[in-house]
Amino acid sequence: MTVMEDDYAPLEPNDGSGEPRWARPLRNCKFPVSYILLAMMLALLICCYIQASVDEYKVARFSVGVDAFGGLTTTNATTAVVSPWFVLAAKVENPRAWQPWRCAGGEAVVSYGGVSLAWGRVPGFVAPGKGSVVVTAAAAGKGLGLSEGLRRRFAAELSNGTAKVVAEMKLFYDGNGLPGLYGYKGVPLVSREVALQGRQAPDALAPSPI
């Protein structure tokens, strides 16, 4: 019987590098792949920077309502002294995609007919990106004298449910942007005309005037 010998022999590289020929294409592809990854990372960083820059110019939206009020009636028809109080609820909607809307707090004033009725503080808040937050602020006044005409008009509007007050919030910001970008300082003043709906709450629920 004739024994057949295996003539297979691995191909040796002819450049003296000790690396098989089939491995050379893989080795040569390492550099292009690294360039592609680097380009993708740079493109991602540019997109992030553009989105953050666009976010800087977006402004939060505010809606204000009155959750409770009281102290608007007087038993003294001569002096028409009242001690009104209000609990304001402000909804803050943040249109920014990534950056939260931050506020360090502020001051609230409620007025009627150009006369300030109550004052209070607005607590600090943070509205998340593409989210919202409800901020509650209490305002109170004490021993306010109203003119006869203003008192009568206010009492008539309260009785028929058409009374409206102006709620103003002066807000303070410590900065609302990312470092190195345009830092929009926020909405400095929110002013809304708010209807007084429902009955007055008991004065036991009234916040303390500041």
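Hydrogens, waters and symmetry mates play no part in the numbers below; they use all other heavy atoms, side chains included.
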Legend entry - Interatomic spacing from CE in M169 to CZ in F62 - rounded to 0.5 Å: 9.0 Å

Legend entry - Side chain proximity check, F154 to V165, heavy atoms < 4.5 angstrom: yes

Legend entry - Spacing of L158 atom CG and R153 atom CZ [to the nearest 0.5 Å]: 11.5 Å

Inset, instruction - Would you check if V82 and L72 make a side-chain contact, meaning some heavy-atom pair closer than 4.5 Å? - result: no

Inset, instruction - Show the numbers, then the answer: is there a side chain to side chain contact (heavy atoms under 4.5 Å, CB included) between L88 and V135? - result: CA-CA 8 Å; L88 305 176; V135 183; over 6 Å; no

Legend entry - Single-linkage hydrophobic cluster, 4.5 Å side-chain cutoff, V115 and W119 together: yes

Inset, instruction - Working to the nearest 0.5 Å, report the span between CD of E107 and NZ of K170. - result: 6.0 Å

Inset, instruction - Taking the side chain as every heavy atom from C-beta outward, state whether P128 and N94 have any atom pair closer than 4.5 Å. - result: no

Legend entry - Separation between NZ of K164 and CG of L196, rounded to the nearest 0.5 Å: 10.5 Å

Legend entry - Same cluster (ILVMFWY, side-chain, under 4.5 Å), V166 and V110: no

Legend entry - Side chain proximity check, L144 to K142, heavy atoms < 4.5 angstrom: no

Inset, instruction - Report yes if the side chains of S116 and V109 come closer than 4.5 Å at any heavy-atom pair, otherwise no. - result: yes

Inset, instruction - Output the distance between atom OH (Y112) and atom CZ (R151), rounded to the nearest 0.5 Å. - result: 12.0 Å

Legend entry - Residue pair L171 / V122, side-chain heavy-atom distance below 4.5 Å: yes

Inset, instruction - Please say whether more than 12 non-hydrogen atoms of neighbouring residues, nucleotides or ligands are located less than 6.0 Å from CD in Q197. - result: no

Inset, instruction - Mind telling me whether F86 and F69 have parallel, tilted or perpendicular rings, with 30° and 60° as the class edges? - result: parallel

Inset, instruction - Please work out which of the three classes, parallel, tilted or perpendicular, describes the rings of W101 and Y173, given edges at 30° and 60°. - result: perpendicular

Inset, instruction - Look up atom CD in E93 and atom NZ in K130, then write down how far apart they are to the nearest 0.5 Å. - result: 11.0 Å

Inset, instruction - Check G71 against W85 and note the closest heavy-atom contact, atom names and distance. - result: N-NE1, 3.7 Å

Legend entry - Backbone of G114 reached by a side-chain donor or acceptor of S111 within 3.5 Å: no

Inset, instruction - Provide the closest heavy-atom pair for G113 versus L150 in the form atom of the first, atom of the second, distance. - result: CA-CD1, 4.4 Å

Inset, instruction - Locate the shortest heavy-atom distance separating C103 from F172; write the atom from each residue and the value. - result: SG-O, 3.3 Å

Inset, instruction - Run the numbers on V92 and S132 for side chain to side chain contact (heavy atoms under 4.5 Å, CB included), then give the verdict. - result: CA-CA 5 Å; V92 185; S132 62; over 6 Å; no

Legend entry - Heavy-atom pair of closest approach, residues A139 and A118: C-CB, 3.6 Å

Legend entry - Non-hydrogen side-chain atoms of F125 and R102 separated by less than 4.5 Å: no

Legend entry - Side-chain touch S63/R192, heavy atoms, less than 4.5 angstrom: no

